[in-house]
Every structure is written in structure tokens, then in C-alpha cells.
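First listed ligand is number 1; within each ligand, the first listed atom is number 1.
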Amino acid sequence: MNRRKFLTNSLAAAGSAIIPPAALASTTFPPESLPQSSPPQIEAARFPNDFLWGMATASYQVEGAWNLDGKDESIWDRYAHGVGHIKGGDTGDTACDHYHLFKQDIALLKRLNQKSYRFSISWPRIQPTGTGAPNQKGLDHYKRVMDSVLEAGIRPFCTLYHWDLPQALEDRGGWPNRDLAGYFADYAAILANELGDRITVWAPFNMPWAFTYYGYGIGIHPPNRANFGDFLKALHTVSLAQGESFRAIKAASSKATVGSAYSMAPGYPKTNSEADIAATARYHAMNNTFFLHAALKGEYPNAFVGEPPYDRMGVKPGDDKIMRAPLDWVGFHYYTRRIISDAGGAKSSSASHFGTEIEVDSGDTNGRDPYTRFHAVMPSEGPLTHAGLEVYPRGIYDLVMQISREFNHPAIEITECGCCYMDTPYEKAGGNIPDLRRTQFFAGILSELARAIHDGAKVRAFHAWSLMDNFEWTDGYSQRYGLTWVDFRDQKRIVKDSGLWYSNLAATNKLQLPA
Ligand code: FCB
């Protein structure tokens, strides 16, 4: 995804209590120097013996087979088939053809010593129009995939929704339509009934703040709507759906554990002014912990200046009980950080505030946010990846410790972490792919994660994004996040040097200096 999109992207929502300014200030300001991991810190890093090393993918990004075996159109099919939406005119029609090649891809996971595979199920494969009887061919497909994963001795981690909404449900109003909470719970019940013997680890939504905001708030993802009122309604429907699906899964499968796959990026106040510190707390509540707070506490965190817009969100009496879901564990992604400042009453301008995630434009509620009033910007003090994201290893430590403190030390899974670099097979390296920057990225971040575990955080899993290069949303195939290189002309896979390094880590639980 491009820089602008990612800026909005890897921020998730939710949160509860405002973090006391003192706590924020102590970990965040001033950002004197960029803390990077030193070689001794990397070499000393150790992970528990039972740590779950994993890799992640998502249905639309890897499966292809967009109209096979009864699957109907998703909003991403519709959007990618439209002109002018995706770089290069790319689509996910074939992607990595994982639908047909899953056996070899799972064998690869095993060869790379992986213990956990995070994947998502395509809703329109299971219920082609989003409601009603399940499509047997779709269910059979995922049963075969799960059998391969289990035979490989790998734990399946299932995300129910990684953005590919059945188009038919968008035609009925999409996520702003409260009815979708019930439809989603029905879908969850089908999955848990049919696959609950094979899958025990479930996360309802990938990055709920991001897909509601991008899709309905600013319209840079399908369904391409830029309407702040729709975004507010979508937030609430998804929160209700999270609670409803939690109960549906638990009712259908006694073995099920349910958690999350939120996007989070630690926020650091731009200055130590009270206004910036308060804006950082609002940012954290909106983008990082909105849905987590809703689930664990049955209420929304205070992400807003003044009265929360509960009417516009469509909140009804009794919804607190529906939203509430005592998650068994907490999962979130880490890619980069944000610097936050108070937006005051300033008029917004996307040109002059490049990187602002939710902008102020009072008087214009169409796609602009008069409620949260912060600017979130991605700094560039550290090195940038090819997606333009700043590499900031220290951020994962701060984030994991902050979530641990705020939510009473839950079991944590890192559901995604990765970087885009465009290295290709190199003849002089025997056709291998020397992608040292990716290895350095993981070494730095993982040494900081080891430090968080050492300091008491209960982190039990880490999923690298991604098993292989894939369809990177509106950036199509122009961004490569894989630990395995994919030739999209013939579906050849070549493990990158970073993938070999990561497989060694998965076998030893010890970091090695990147070489
Ligand atoms: C995350 C998404 C994932 C992928 C990575 C690069 O935000 O969950 O699908 O696009 O970013």
C-alpha cells in the first residue's frame, strides 16, 4: 500500500481508559535519539521454548480462484475489477494461486520450522451472498487446508474477516448497516460448527479500525465511501459483530479460544504540551484500543473531544452487553510508530498535513473527523522501507508494555509484523535473494520483543507478514512483504535469505546477527 494508505492503515482502533499523561510522557517524550538494537542486544535475545513462531497470509491477498467452486464476488473483487483503483491494474484474481497450491505452501511452512499459520477465510466462499446456507465446496476447501496444516504439525490461526466482504452485503448497506452484526455471527457459527474440530484459535476481524476508516471514512479502499457518519456507524456494527461472533464461536465449539488481530502503532506526543499528550491518548483510544476496550469492558474508550458521538454511531441501550466479549488473548500487529499532535481548531488540508490520519474540518463532516482532533504522522528519523514506513524497533517494546499495563497483562500474540523491500533473485548469489534489510528489520524488532518478554509481557506468538509476496491491496504486486519471493508469472517460490534466517530462529529460539 502506498505511504498515505499505510499511514491510515496500521493503526487500529479501540481503547478504554485514557492513559495518564505521565505514563505517556515517561515512555515517549522527547524522542531524543532513535533507539536501534545493538549487536549484543540481538545476540543476547532468547525466546521461550514453546514460543509460537508463525507466518501470516490473507485470503484475498493469496488465494486467487476468485470465482471458483461457488464463490461469489467480494468487495475487493468488485473494486480491483474497476478501472483506476489498483496500481498496474492488478487484481487478486490469481494472486499466489494458494487456493490450488496450498499443499506446497504448507509444506514450505513446515520446512521453515513454523509452529503457527495465520490465514483468513473468504466469507463469499462460505456464504456467496453473505447470508443463508453454506456452500459445501467452500467448506470442503478449508477442511482440506486445515488437514494439511495439522498434518504438518502447525497450529491453524483463523481470521474470519480480512476485508473481503461479500459484495451482496455491501449492496445491503455494508458495515454501516447494523444487520451485518447478526449476519457475521451466523457466518462465525457456520465456521465454528464445521471447522471447530480442526481450528481452536480464532480472531473475528483483521484491523477493524482500518477497514472501517479506509472503506467508509475516507474511501481509499472498497467500498470507496468517504462519509464520516458511515464510518462511525461501521465502527459500532463491527464492535457488535465482534461480541456476537465471540459468543457464536464459543457456543459452537467448546475448544475454541477467541482473540483479535488489531492494527496498532504506538503514538508518541510531538511535544510535551498537555494538548499533544491528550491528543496522543485520543489517538491511542481511537486507532489502537477502540475495539479491545469495547470487548473487554463493554464500553468505548474516550477517543473524542467533548461528548462522544454515540447517536451518530447508532448506539442503543443494551449495546454494552452485546459488545462485551472477554477475549481469551489479545492479538495485534506492529509495523511502525506515529507522532501525534493536537489538531486544535485548525482547518485541515490534506496537502499540507500529509500523513494526517484523521483530520479536522469542522463544518464538513463528509470524510473528515470533527471529533478526535489529532494529527498522526509517521516520522522519518529512522530508515524507511520500500513502502515508506519508518523502521522503529523500540516501538514494539513500548506498545507491548503499554497494552500489558492497560489490560491487566493478557496473553499476547503478535499477529503481523513485516516490511516491504524489493530484493529479487540475484544471479551472483546463485539465484538466492539476499535481502539483508528485511533480516535486520526482524532482528531489531525481535530483540525489542524479547526485552518486553523479559520485562514480564506475556507474549506467546509472533507472525511474520508474510509467508510470501502477495497482492498488497491498492499497491497490487508492486510491494513485496514476503519471506518467500513469488514469481507471479509462473508461481515459482524462492525462500529469501530473511526466510532462511527466520526458519533458523524458529528452530533455535535464538536471534542471530544478520549477515
Ligand atoms: C497489514 C494488513 C495486511 C498487509 C500488511 C502489509 O496492515 O493486515 O493485509 O497488507 O499490512
Side-chain angles (χ1 to χ4, degrees), residues 1-13 54-63 74-76 79-80 86-87 90 92 95-96 98 117-123 157-165 203-215 220-222 238 259-266 287-288 291 331-338 357 376 378 384-391 395-396 399 413-422 438 441-442 445 462-484 486 498:
M1 67 193 62
N2 68 28
R3 185 178 158 103
R4 159 91 185 139
K5 280 166 196 160
F6 203 101
L7 289 171
T8 50
N9 189 6
S10 64
L11 308 177
M55 291 178 173
T57 63
S59 48
Y60 187 72
Q61 295 181 277
V62 299
E63 284 181 351
S74 77
I75 55 172
W76 271 94
Y79 191 69
I86 314 289
K87 274 193 191 163
D90 292 339
C96 307
H98 187 60
Y117 177 39
R118 175 170 173 253
F119 65 99
S120 77
I121 289 184
S122 161
W123 188 350
F157 173 133
C158 176
T159 308
L160 279 75
Y161 183 86
H162 200 126
W163 304 358
D164 37 4
L165 183 70
F205 291 107
N206 179 69
M207 302 175 65
W209 179 84
F211 77 78
T212 48
Y213 188 63
Y214 300 161
I220 58 169
H221 277 187
V238 169
S260 60
Y262 302 128
S263 49
M264 294 197 189
N287 292 52
N288 291 340
F291 294 91
F332 54 87
H333 312 346
Y334 176 72
Y335 284 91
T336 190
R337 66 166 169 163
R338 300 287 186 273
E357 282 158 328
M378 189 182 62
L384 304 183
T385 68
H386 274 142
L389 302 190
E390 187 200 32
V391 179
I396 198 167
L399 180 61
E413 302 223 358
I414 303 300
T415 36
E416 282 181 29
C417 178
C419 51
C420 169
Y421 289 109
M422 298 308 289
R438 181 174 284 100
F441 172 93
F442 280 116
I445 283 181
F462 179 91
H463 299 86
W465 183 269
S466 173
L467 162 61
M468 56 193 160
D469 297 336
N470 56 50
F471 177 85
E472 182 49 34
W473 307 115
T474 51
D475 285 309
Y477 300 100
S478 73
Q479 291 197 357
R480 291 179 178 267
Y481 276 87
L483 282 92
T484 303
V486 176
S498 60

Under a 4.0 angstrom heavy-atom cut-off, which atoms of ligand 1 come close to [X]?
| X | answer |
| --- | --- |
| N206 | 8 (O) |
| Q61 | 3 (C), 4 (C), 9 (O), 10 (O) |
| M207 | 1 (C), 2 (C), 7 (O), 8 (O) |
| H333 | 8 (O) |
| W473 | 3 (C), 4 (C), 9 (O), 10 (O) |

Quick check for you: to the nearest 0.5 Å, what is the distance between [X] atom [atom1] and [Y] atom [atom2]?
| X | Y | atom1 | atom2 | answer |
| --- | --- | --- | --- | --- |
| C419 | Y481 | SG | OH | 8.0 Å |
| F441 | S498 | CZ | OG | 11.0 Å |
| I414 | W465 | CD1 | CH2 | 15.5 Å |
| Y335 | L389 | OH | CG | 9.0 Å |
| D469 | M422 | CG | CE | 7.5 Å |

Do [X] and ligand 1 have an N or O pair less than 3.5 Å apart?
| X | result |
| --- | --- |
| W465 | no |
| W163 | no |
| Y481 | no |

- Item | Matching residue for C96 among V62, T484, T57 - test: side-chain contact (heavy atoms from CB on, under 4.5 Å) |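 Going through the options one by one, the only one that passes is V62.
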- Show the numbers, then the answer: is there a side-chain contact (heavy atoms from CB on, under 4.5 Å) between M378 and R338? CA-CA 5 Å; M378 189 182 62; R338 300 287 186 273; 4.3 Å; yes
- Message: Below 4.0 Å from ligand 1: does a non-hydrogen atom of Q479 turn up there or not?
- Response: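 Per 4.0 Å heavy-atom rule, Q479 does not contact ligand 1.
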